[in-house]
Amino acid sequence: MPDRTPVTVAGASGRMGAALRTLLHDHPTLRLGACLERSGHPWLSGGGPQGVPVTDDPAAALAVAPVVVDFTAPEASVAIARAAAARGAVHVIGTTGFDADTLAALVAAGQGAVSVRAGNMSLGVNLLVQLTRRVAAALGPEFDIEIIEAHHRAKRDAPSGTALMLGEAAAEGRGVALDTAAERARDGLCGPRADGAIGFAVVRGGDIVGEHDVVFAGPGERIVLRHMATDRTIFARGALKAADWALGRPAGDYDMLDVLGI
Ligand SMILES: NC(=O)C1=CN([C@@H]2O[C@H](COP(=O)(O)OP(=O)(O)OC[C@H]3O[C@@H](n4cnc5c(N)ncnc54)[C@H](OP(=O)(O)O)[C@@H]3O)[C@@H](O)[C@H]2O)C=CC1
Ligand SMILES: O=C(O)C1=N[C@H](C(=O)O)C[C@H](O)C1
């Protein structure tokens with residue numbers, strides 16, 4: 001395959017890193033160019049993929065492969081954003097779990113990069129986001145909105161990035177701010193549901209890849225929009241589509257709705 005663009009996979013030894021490396025093996029336009037791991041990672045002293053550099057230095061990885069696909073952790077993504085901005089490189093960010101401060105740091109560090117960020121890179125979830133916005137806009141306040149997500153036992157952040165994307169879409173549809181509408185914890189004598197709340201519930205267990213329900217519960221009827229991921233390849237495929245799409249674009253912050261044109 002001639003002249004494929006080299007890609008840095010950040011967190012290459014992780015669950016998403018493995019899915020990305022598999023797809024890059026015979027991708028038509030992109031190839032694995034470098035692996036970025038944290039300092040002290042065993043792959044830095046051998047054992048990683050053969051024939052590509054493995055480094056803990058984002059700038060060194062980007063010097064070899066100036067498109068980085070990043071499914072790591074919030075602080076790591078901020079450091080990668082800084083290196084990507086310094087080179088005007090493409091930074092595809094799948095990492096979730098940003099709080100307000102780390103998200104602000106990410107956006108500030110990434111000025112000058114071509115950044116595509118989404119809490120979920122799959123086609124199905126991004127369609128679900130659009131549907132959620134439309135259904136929330138169509139239904140009145142007598143429909144209570146609840147978002148239920150389920151993931152594997154190793155997931156670190158909650159609610160999931162996807163659940164928060166769906167919450168944002170529901171809030172936009174309703175014309176409210178998610179920050180004020182979200183109900184993220186209920187325990188004990190917490191009283192009845194607040195009018196207009198957008199509730200979140202979280203399940204963790206086993207090897208669940210990722211499941212999301214958006215429930216619109218009204219008097220006498222209930223609408224449930226559901227996405228079920230059974231294979232991480234859907235996220236990796238979306239991330240590589242984003243990388244291909246971003247090449248040659250002007251610097252800026254994009255999301256998967258831009259990439260998919262939906
Ligand atoms: N947007 C989307 O579509 C999706 C997003 N995600 C998100 O992607 C992230 C990763 O998920 P997953 O692959 O399951 O997690 P894993 O824990 O399996 O993988 C994360 C990888 O990142 C590495 N890492 C951590 N810190 C650094 C650092 N400073 N520099 C370089 N590498 C680092 C980890 O190394 P080590 O093991 O040494 O800590 C590990 O290899 C999560 O935030 C998850 O929510 C996941 C799936 C889809
Ligand atoms: O950590 C995961 O596994 C996933 N994380 C993303 C999220 O937080 O929504 C996307 C997907 O659901 C898998």
Side-chain angles (χ1 to χ4, degrees), residues 8-23 34-45 47-49 54-62 68-83 91-99 102-103 106 115-126 128-129 147-168 200 202-214 226-243 255-256 259-260:
T8 294
V9 175
S13 66
R15 281 174 288 271
M16 282 305 301
L20 287 161
R21 287 185 288 112
T22 300
L23 284 188
C35 295
L36 182 61
E37 294 293 349
R38 70 160 84 241
S39 303
H41 191 280
W43 280 13
L44 294 168
S45 42
V54 180
T55 174
D56 60 0
D57 177 359
L62 284 165
V68 56
V69 180
D70 167 11
F71 290 82
T72 56
E75 329 75 60
S77 292
V78 173
I80 296 166
R82 200 168 295 118
H91 185 193
V92 176
I93 308 159
T95 306
T96 60
F98 294 92
D99 60 19
T102 47
L103 185 56
L106 179 80
S115 304
V116 183
R117 185 175 69 86
N120 194 305
M121 300 267 172
S122 74
L123 171 63
V125 159
N126 284 280
L128 187 68
V129 164
I147 296 168
I148 307 166
E149 59 105 326
H151 283 88
H152 53 94
R153 66 197 317 282
K155 185 162 177 62
R156 291 193 164 93
D157 54 312
S160 67
T162 310
L164 294 171
M165 282 168 73
L166 294 165
E168 289 287 357
F200 290 86
V202 174
V203 176
R204 291 286 176 266
D207 59 0
I208 302 169
V209 174
E211 299 178 2
H212 293 88
D213 279 7
V214 186
R226 169 172 293 171
H227 182 268
M228 300 180 78
T230 54
D231 187 336
R232 285 186 179 82
T233 304
I234 61 169
F235 312 129
R237 198 182 296 128
L240 297 184
K241 190 180 180 81
D255 62 23
M256 280 309 283
V259 173
L260 296 168

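Both ligands and their constituent atoms are indexed starting at 1 by order of listing. Values reported hereafter were calculated over all heavy atoms of this structure, with side chains retained and with hydrogens, waters and symmetry mates removed. Note that the coordinates shown come from a computational prediction; the quantities given were computed from them, not determined experimentally.
Listed by atom number, the atoms of ligand 2 under 4.0 Å from S160 heavy atoms are 7 (C), 8 (O), 9 (O). Per-residue contacts place G119 under 4.0 angstrom from the following atoms of ligand 2 (heavy atoms of the residue considered): 6 (C), 7 (C), 9 (O), 10 (C). The E37 neighbourhood of ligand 1 comprises atoms 30 (N), 31 (C), 32 (N), 35 (O), 41 (O), with distances under 4.0 Å to a heavy atom of that residue. Under a 4.0 Å criterion applied to the non-hydrogen atoms of K155, ligand 1 contributes the atoms 45 (O). Below 4.0 Å from some heavy atom of G161 lie the following atoms of ligand 2, by number and element: 7 (C), 8 (O), 9 (O). For ligand 1, the atoms lying closer than 4.0 Å to a non-hydrogen atom of S13 are 41 (O). Set against the non-hydrogen atoms of T162, the atoms of ligand 2 under 4.0 Å away are 7 (C), 9 (O), 10 (C), 12 (O). The atoms of ligand 1 that sit less than 4.0 Å from any heavy atom of H41 are 38 (O).
The closest protein non-hydrogen atom to atom 25 (C) of ligand 1 is R38 NH2, 3.5 Å. Scanning all protein heavy atoms for the shortest distance to atom 47 (C) of ligand 1 gives M16 CG, 3.5 Å. Nearest protein heavy-atom neighbour of atom 33 (C) of ligand 1: T72 CG2, 3.9 Å. The protein heavy atom nearest to atom 20 (C) of ligand 1 is F71 O, 3.7 Å. Among protein heavy atoms, the minimum distance from atom 29 (N) of ligand 1 is reached at A76 CB, 3.2 Å. Scanning the protein heavy atoms around atom 44 (C) of ligand 1, the nearest turns out to be T96 OG1, 3.6 Å. From the protein, the heavy atom lying nearest to atom 19 (O) of ligand 1 is G14 CA, 3.4 Å.
Using a 4.0 Å cutoff on heavy atoms, R232 does not count as a contact of ligand 1. Heavy-atom separations between A118 and ligand 1 include at least one value shorter than 4.0 Å. Contact analysis puts H152 in contact with ligand 2, with a non-hydrogen atom separation below 4.0 angstrom. Residue H212 places a heavy atom less than 4.0 Å from ligand 2. G119 counts as a contact of ligand 1, since one of its heavy atoms falls under 4.0 Å from the ligand.
In this structure, the separation between OG on S115 and CG on D255 is 11.5 Å, given to the nearest 0.5 Å. One distance of note links CG of L20 with CZ of R232; it measures 11.5 Å at 0.5 Å rounding. Here the straight-line distance linking atom CG of L44 with atom CD of E37 works out to 7.0 Å at 0.5 Å rounding. In this structure, OG in S13 is found 5.0 Å from CH2 in W43, a value given to the nearest 0.5 Å. Taking NZ from K241 and CE from M256, the interatomic distance works out to 7.5 Å, rounded to the nearest 0.5 Å. Rounded to the nearest 0.5 Å, atoms CD1 (I147) and CE (M165) are 11.0 Å apart.
Considering backbone and side-chain N/O of H151, one or more are found under 3.5 Å from N/O of ligand 2. The shortest N or O to N or O distance between A73 and ligand 1 is not under 3.5 Å. The shortest N or O to N or O distance between T95 and ligand 1 is not below 3.5 Å. For ligand 1, one of its N or O atoms has an N or O atom of R15 under 3.5 Å away. Of the polar atoms of M121, at least one N or O is found under 3.5 Å from an N or O of ligand 1, judged by distance alone. Residue contacts with ligand 1: G17 is placed with no nitrogen or oxygen under 3.5 Å of a nitrogen or oxygen of the ligand (distance criterion only). In terms of polar-atom proximity, defined here as any N/O pair under 3.5 Å, S122 makes no such contact with ligand 1. Residue-to-ligand polar distances keep F235 apart from ligand 2: every N/O pair is separated by 3.5 Å or more. Here's the thing with G94: one of its N/O atoms is less than 3.5 angstrom from an N/O atom of ligand 1.
Counting heavy atoms closer than 4.0 Å to ligand 2, residue T96 contributes side-chain atoms (C-beta onward) but none from N, CA, C or O. The proximity of E75 to ligand 1, defined as any non-hydrogen pair under 4.0 Å, does not occur for either the backbone or the side chain. Contact annotation for V125 and ligand 2: no heavy atom of the residue comes within less than 4.0 Å of the ligand. For E149, no heavy-atom contact with ligand 2 is shorter than 4.0 Å.
Here the closest heavy-atom approach between residue T72 and residue S77 is recorded as OG1-OG, 3.4 Å. Taking all atoms of both residues into account, the shortest heavy-atom contact from A239 to V92 is O-CG1, 3.8 Å. Taking each heavy atom of F235 and A229 in turn, the nearest pair found is CZ-CB, 3.8 Å.
Side-chain contact between I234 and L123 is absent, with no heavy atoms from C-beta onward closer than 4.5 Å. Between E211 and R226 the shortest side-chain heavy-atom distance does not fall below 4.5 Å.
Protein heavy atoms are absent from the 4.0 Å sphere centred on atom 37 (O) of ligand 1. Atom 31 (C) of ligand 1 is approached by the protein to below 4.0 angstrom, counting heavy atoms only.
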Check: So T55 and D57, side chain to side chain donor-acceptor pair (under 3.5 Å) or not? Walk me through it.
Finding: CA-CA 5 Å; T55 174; D57 177 359; 5.3 Å; no
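A donor-acceptor pair under 3.5 Å is formed between the side chain of R21 and the backbone N or O of A12.
Nearest-residue assignment for atom 23 (C) of ligand 1 (options A158, A239, G11; heavy-atom criterion): G11.
A salt bridge does not link E149 to K155: none of the charged side-chain nitrogens sits closer than 4.0 Å to a carboxylate oxygen.
With respect to I80, the side chain to side chain contact (heavy atoms under 4.5 Å, CB included) criterion is satisfied by exactly one of T95, D70, L106, I93: D70.
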